[in-house]
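Here the structure is laid out as C-alpha cells; the discussion comes afterwards.
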Amino acid sequence: MMRTRPLKVALLGCGVVGSEVARIMTTQAADLAARIGAPVELAGVAVRRPDRVREGIAPELVTTDATALVKRGDLDVVVEVIGGIEPARTLITTAFAHGASVVSANKALIAQDGAALYAAAEEHGKDLYYEAAVAGAIPLIRPLRESLAGDKVNRVLGIVNGTTNFILDKMDSTGAGYQEALDEATALGYAEADPTADVEGFDAAAKAAILAGIAFHTRVRLDDVHREGMTEVTASDFASAREMGCTIKLLAICERAADGGSVTARVHPAMIPLTHPLASVRGAYNAVFVESEAAGQLMFYGPGAGGAPTASAVLGDLVAVCRNRLAGTTGPGESAYAALPVSPMGEVVTRYHISLDVADKPGVLAQVATVFAEHGVSIDTVRQQGKDGEASLVVVTHRASDAALGGTVDALRKLDTVRGVASIMRVEGE
C-alpha cells in the first residue's frame with residue numbers, strides 16, 4: 001500500500017546534474033513513487049543565480065539561501081550536487097542535524113572528509129549515499145559496499161576520468177599530440193576550460209581514495225593517494241607502448257599488499273597490454289576492474305560523467321534512501337574496521353618502461369645494466385637503436401619497488417654516457 005504523504009526532497013545545486021535530477025523527479029514521478037512506496041516532492045532548490053530560467057521548476061521553489069533550506073526541519077532527503085568542500089560540508093552536516101538524510105555526488109568532499117560525514121550521519125541516525133561521486137552512472141559504490149561485503153577485495157584498477165581517457169584515446173588512435181587532443185576534448189565539451197583537475201589526476205585521486213576506503217574497509221584520504229598527471233605523455237610514448245603490445249591509460253589503482261597488512265592507492269599513466277579489458281575502453285567512457293578472492297575478476301563499464309548519467313546514479317541513491325526512510329532504518333554506514341595502514345609510493349612494486357638517450361658507443365649497455373643490478377632491479381628486456389653517435393635505449397624491468405627504481409634512475413643520470421632520461425612509465429595489468 002502506497003503512503004499518500006510525499007517525501008520531501010531539497011536539491012542543492014541546479015547545474016548540469018542538478019537540473020537533470022529535477023527533470024527526472026518530475027517526468028518520472030509516478031514510477032519513482034511506485035518504486036519507493038510513496039510520492040517524492042521537490043520541496044526546494046538552492047542556487048547561486050536565481051534569475052536563470054530553469055525549465056520545469058516552479059520559481060517559488062528556487063532560493064539562494066541554502067542554509068535556511070536545509071534547516072527547514074520537514075525535509076526527508078537533501079541532494080547535494082554543488083561540489084567543492086565548502087559550503088557543501090557545512091550544508092550536509094546541517095541537513096543531518098535537522099532530520100534529513102543526504103545523497104551527494106561530491107567526490108572531493110567524500111575523499112577528504114568522508115569519516116567526519118559518516119560520523120555526523122550516524123550521530124543523527126541518517127543515511128549518507130554517494131554512488132554518483134565515482135564513475136557517473138556506473139553502479140560501483142553499492143556493489144563494493146554491499147554486494148561484495150562478504151568477499152575480500154584485493155585490487156581495484158580503473159579508468160575513472162572520461163576527459164583523460166578521451167585525450168589518451170585520441171593520441172593513441174590518431175597519433176595526435178597531447179595539446180591537439182586536449183583542444184578537441186575542450187571543443188567537444190569533454191574538458192573544462194581549466195582542465196587541471198582532470199589532466200593532473202586530482203579528480204581520479206579523489207575517486208581512488210573513495211574506492212580504496214570502501215574496498216579495503218580502511219580510511220583512505222585524498223592525501224594518502226599518490227598522484228601523477230598525464231600531461232607529459234607523448235606520441236613517442238604511445239609508439240613505445242605499441243611495440244610492447246600495449247596502450248596507455250591514466251589509471252586509479254588500489255591494492256592490498258600481498259601479506260594483507262597494508263594498502264596502497266595511486267593515480268598515474270601506465271602502459272597496459274592490449275589484451276587487458278581496460279585497453280579497449282574508448283572515448284570518454286569509464287571502466288573499473290575489481291579483483292576479489294571469491295568472485296574473481298569483475299568489470300564495471302559505462303559513461304562516467306554527464307548530466308543524465310550522473311543523475312541516474314543520484315536518483316538510484318534517492319530511491320534507496322527514501323525506502324530506508326519509510327522503513328525507519330538506514331543503510332550501511334562507514335566500514336573501517338580493518339584500519340590498514342596506507343603504504344607510501346616508494347614501497348609499491350610494479351614493472352617499469354624506461355627510455356634513455358645514450359651515447360652510441362661500445363660499453364654503454366653494460367654500464368646501464370650494471371647500475372640496474374647494483375640497485376636490485378632486474379631487467380626483463382632491452383632495445384637499443386643508434387645513429388650518428390646518439391642512441392635510444394629502452395629498458396623494461398621485472399617487478400621492482402618505486403624506491404629502487406628511483407635510486408636506479410638517479411644513478412643513471414650520473415653516467416657520462418647517459419644524455420638524459422626521455423621517459424619513465426609503469427607497466428600494469430599483467
Side-chain angles (χ1 to χ4, degrees), residues 178 200-201 205 223-251 253 255 257-259 262-273 341-430:
Y178 166 75
E200 294 294 350
D223 293 345
D224 296 321
V225 181
H226 174 82
R227 176 194 55 79
E228 297 174 26
M230 42 77 71
T231 58
E232 301 301 317
V233 177
T234 65
S236 62
D237 289 326
F238 275 101
S240 296
R242 282 191 288 273
E243 290 178 358
M244 291 180 58
C246 293
T247 188
I248 299 172
K249 299 291 186 182
L250 185 75
L251 298 178
I253 305 170
E255 292 179 305
D259 64 3
S262 64
V263 299
T264 59
R266 50 198 165 101
V267 168
H268 54 71
M271 295 181 179
I272 59 172
V342 182
S343 297
M345 187 62 188
E347 297 179 13
V348 171
V349 175
T350 188
R351 297 180 68 206
Y352 291 87
H353 176 283
I354 305 104
S355 180
L356 304 171
D357 295 326
V358 299
D360 186 17
K361 62 182 183 180
V364 174
L365 180 55
Q367 285 184 324
V368 168
T370 297
V371 170
F372 275 88
E374 288 174 347
H375 288 81
V377 179
S378 176
I379 294 175
D380 182 16
T381 63
V382 178
R383 186 177 71 255
Q384 183 174 4
Q385 293 177 327
K387 184 179 180 181
D388 298 330
E390 298 296 327
S392 173
L393 188 66
V394 175
V395 179
V396 180
T397 74
H398 288 291
R399 292 175 66 82
S401 72
D402 190 78
L405 195 282
T408 303
V409 172
D410 287 343
L412 288 171
R413 287 193 170 105
K414 296 176 183 179
L415 294 178
D416 292 339
T417 51
V418 174
R419 309 293 193 229
V421 179
S423 69
I424 303 172
M425 191 165 295
R426 297 173 183 89
V427 182
E428 301 284 349
E430 294 184 320

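Small disclaimer: the values here were computed from a predicted structure and weren't measured.
Met271 is not listed as a side-chain neighbour of Arg426, based on a closest heavy-atom distance of 4.5 Å or more. Taking 4.5 Å as the limit, some side-chain heavy atom of Val348 sits within range of a side-chain heavy atom of Arg266. Put simply, the side chain of Val394 does not reach to within 4.5 Å of the side chain of Val382, judged on heavy atoms. Using a 4.5 Å heavy-atom threshold, the side chains of Thr370 and Glu374 count as touching. Residues Val421 and Val409 meet the side-chain proximity criterion, which asks for heavy atoms closer than 4.5 Å. Thr264 is not listed as a side-chain neighbour of Met345, based on a closest heavy-atom distance of 4.5 Å or more. In this structure, the side chains of Tyr178 and Thr231 come closer than 4.5 Å at one or more pairs of heavy atoms. When side chains are defined from C-beta on, Ile248 counts as touching Phe238, because their heavy atoms get closer than 4.5 Å.
Not a single side chain to side chain donor-acceptor pair (under 3.5 Å) links Arg227 to another residue, sequence neighbours left out. Under the side chain to side chain contact (heavy atoms under 4.5 Å, CB included) criterion, Ser236 pairs with Thr234, not counting sequence neighbours.
The shortest non-hydrogen separation linking Ile379 to Ala369 is CD1-CA, 4.1 Å. Closest approach of Val349 to Arg399, counting heavy atoms only: O-NH2, 2.9 Å. Pairing each heavy atom of Leu250 with each of Glu228, the nearest pair is CD1-O, 3.7 Å. Taking both residues in full, the closest heavy atoms of Leu405 and Val377 are given as N-CG2, 4.3 Å, listed atom of the first, atom of the second, then distance. What you find for His375 and Ala404 is that their closest heavy atoms are O-CB, 3.9 Å. When every heavy atom of Glu232 is checked against every heavy atom of Asp237, the shortest pair comes out as O-OD2, 3.8 Å.
Rounding to the nearest 0.5 Å places CG of Leu412 at 8.0 Å from CD1 of Ile354. Between the CD atom in Glu243 and the CZ atom in Arg383 there is a gap of 4.0 Å [rounded to 0.5 Å].
A donor-acceptor pair shorter than 3.5 Å cannot be found between the side chains of Asp380 and Thr397. In summary, the side chains of Ser343 and Ser262 do present a donor paired with an acceptor at a separation below 3.5 Å, with no hydrogens or angles considered.
Listed for the Arg351 side chain is no donor-acceptor partner under 3.5 Å among the backbone atoms of His398. Looking only at distances, no side-chain donor or acceptor of Thr350 sits under 3.5 Å from a matching main-chain atom of Ser401.
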List the steps and the verdict of side chain to side chain contact (heavy atoms under 4.5 Å, CB included) for Gln384 and Ser392. CA-CA 6 Å; Gln384 183 174 4; Ser392 173; over 6 Å; no
Does the pair Val267 and Leu251 meet the rule for a side chain to side chain contact (heavy atoms under 4.5 Å, CB included), with working shown? CA-CA 6 Å; Val267 168; Leu251 298 178; over 6 Å; no
Give the C-alpha distance, both sets of side-chain angles, the deciding distance and a yes or no for side chain to side chain contact (heavy atoms under 4.5 Å, CB included) between Met244 and Val427. CA-CA 10 Å; Met244 291 180 58; Val427 182; 4.3 Å; yes
Are Asp402 and Tyr352 close enough, and set up right, to give a side chain to side chain contact (heavy atoms under 4.5 Å, CB included), and what steps lead you there? CA-CA 9 Å; Asp402 190 78; Tyr352 291 87; 3.0 Å; yes
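Salt bridge status for Glu428 with Lys249: absent, with no side-chain N to carboxylate O gap under 4.0 Å.
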